[in-house]
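Heads up: numbering here begins at 1 and tracks the sequence. These numbers were taken from a predicted model, which means no experiment stands behind them.
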Amino acid sequence: MATCNLRCNYCDTRYAFWEGNVRDVDAVMAEVRTYSTKYVCLTGGEPLGQQASYELMRQLVSEGYTVSLETGGGFSVESVPSEVIKVLDIKTPGSGESGAMVWGNLDLLTPQDQLKFVVCSRADFDWVVALCREKDLFSKCTVLVSPVADKVTPKDLAEWTLESKLPFTLQLQLHKVIWGNQRGV
């Protein structure tokens with residue numbers, strides 16, 4: 001079932017607020033096994049809003065899958081299996097949800113994990129730079145920055161990143177570049 005506890009003002013998957021279907025872990029595992037990939041990404045809405053996601057991650061890891069979890073940061077990642085790659089989306093002020101963050105998650109990051117910042121404006125980018133410096137986030141894991149469509153151009157974000165001289169990784173939503181803003185890709 002799709003759920004999300006946050007309401008970011010730039011959300012491009014609002015259908016995850018209400019849509020989805022209930023399936024147990026066994027049913028999800030059965031479907032996953034039909035694909036040839038050994039990489040599985042749990043993503044949103046918000047996977048950690050569903051208690052069964054922890055069991056799903058444990059089963060995936062036990063069957064040899066590489067698992068990543070994309071989480072909005074509003075739930076603790078303390079109980080996430082250590083083998084799972086955590087992609088923690090830190091909400092910027094421009095998202096409207098920065099107050100919902102579980103800031104203790106920053107202390108639980110490992111070098112395999114990633115922090116993601118979706119940037120709505122130059123002010124957001126400057127906030128990201130200050131937070132990364134204050135919390136020494138580059139020493140913890142990879143730090144990604146991604147532009148909000150129709151608010152920040154990839155070129156502008158790339159230029160700000162270069163100007164900062166900090167080791168950000170620019171991330172674009174490649175599925176939108178390739179297929180446009182459509183569901184299911």
Practice problem: For S98 and P93, work out which heavy atoms get closest and say how close. | Solution: OG-CA, 3.8 Å
Quiz item: Can you find a pair of side-chain heavy atoms, one from L106 and one from I90, that are under 4.5 Å apart?
Solution: yes
Quiz item: Would one find more than 12 heavy atoms of other residues, nucleotides or ligands at under 6.0 Å from atom CD of E163?
Solution: yes
Quiz prompt | E70 CD to Q114 CD distance, which is reported to the nearest 0.5 Å | solution = 8.5 Å
Exercise. Calculate, to the nearest 0.5 Å, the distance between atoms CE and OG1 belonging to M101 and T92 respectively.
Key: 10.0 Å
Practice problem: Tell me, with the steps shown, if V84 and V77 meet side-chain contact (heavy atoms from CB on, under 4.5 Å). | Solution: CA-CA 10 Å; V84 172; V77 296; over 6 Å; no
Self-check item: Donor-acceptor pair between S68 and Y39 side chains, under 3.5 angstrom
Solution: yes
Quiz prompt | Hydrophobic cluster membership, L144 vs V119, 4.5 Å side-chain cutoff | solution = no
Self-check item: Least distance between heavy atoms, L48 atom then S76 atom
Solution: CD1-O, 3.8 Å
Quiz item: Between F117 and W127, how do the two ring planes meet: parallel, tilted or perpendicular, split at 30° and 60°?
Solution: perpendicular
Quiz item: Looking at CH2 of W160 and CG of L170, how far apart are the two atoms once the value is rounded to the nearest 0.5 Å?
Solution: 11.5 Å
Exercise. Check whether any side-chain heavy atom of K86 lies under 4.5 Å from a side-chain heavy atom of T71, and answer yes or no.
Key: no
Quiz item: What distance separates D107 CG from E78 CD, expressed to the nearest 0.5 Å?
Solution: 10.5 Å
Using a 3.5 Å cut-off and no angle test, enumerate the donor-acceptor pairs between side-chain atoms of residues 131-143 and protein atoms at least two apart in sequence or in another chain.
| unit_1 | atom_1 | unit_2 | atom_2 | d |
| --- | --- | --- | --- | --- |
| D136 | OD2 | S139 | OG | 2.9 |
| S139 | OG | D136 | O | 2.8 |

Exercise. Starting at OG of S121, measure out to CG of D156 and round the result to the nearest 0.5 Å.
Key: 11.5 Å
Self-check item: Co-membership, hydrophobic cluster, residues V102 and V87, 4.5 Å side-chain
Solution: no
Practice problem: Kindly say whether F168 contributes a backbone atom to a donor-acceptor pair with the side chain of T161 at under 3.5 angstrom? | Solution: no
Quiz item: What closest approach, in Å, do L157 and S146 show between heavy atoms, and which atom pair accounts for it?
Solution: CD2-C, 3.5 Å
Quiz item: Can any side-chain N or O of D113 pair as donor or acceptor with the backbone N or O of L109 at less than 3.5 Å?
Solution: no
Quiz item: Under 3.5 Å, side chain of D89 to main-chain N/O of G73, donor-acceptor pair present?
Solution: no
Quiz item: Side chains of Y65 and E83: does their closest heavy-atom pair fall under 4.5 Å?
Solution: no
Quiz item: Taking only residues two or more places apart in sequence or in another chain, which ones pass side chain to side chain contact (heavy atoms under 4.5 Å, CB included) with T34?
Solution: E31
Quiz item: Are K38 and T66 close enough that some pair of their side-chain heavy atoms sits under 4.5 Å apart?
Solution: no
Exercise. Check the hydrophobic clustering (I, L, V, M, F, W, Y; side-chain heavy atoms under 4.5 Å; chains of links allowed) and say if W103 and V128 are grouped together.
Key: yes
Quiz item: Ignoring hydrogens and geometry, is there a side-chain-to-backbone donor-acceptor pair from Q59 to D26 under 3.5 Å?
Solution: no
Quiz item: So if you build clusters from Ile, Leu, Val, Met, Phe, Trp, Tyr with side-chain heavy-atom gaps below 4.5 Å, do L88 and I85 land together?
Solution: no
Quiz item: Looking only at atom types and distance, does a side-chain atom of D124 sit under 3.5 Å from a main-chain N or O of G94, one as donor and one as acceptor?
Solution: yes
Practice problem: Evaluate the side-chain proximity of V152 to F125: yes if any heavy-atom separation is below 4.5 Å, no if none is. | Solution: no
Quiz item: Under a 4.5 Å cut-off applied to non-hydrogen side-chain atoms, are L172 and P147 in contact?
Solution: yes
Self-check item: Rounded distance [0.5 Å steps], CZ in R23 versus CD in Q50
Solution: 11.5 Å
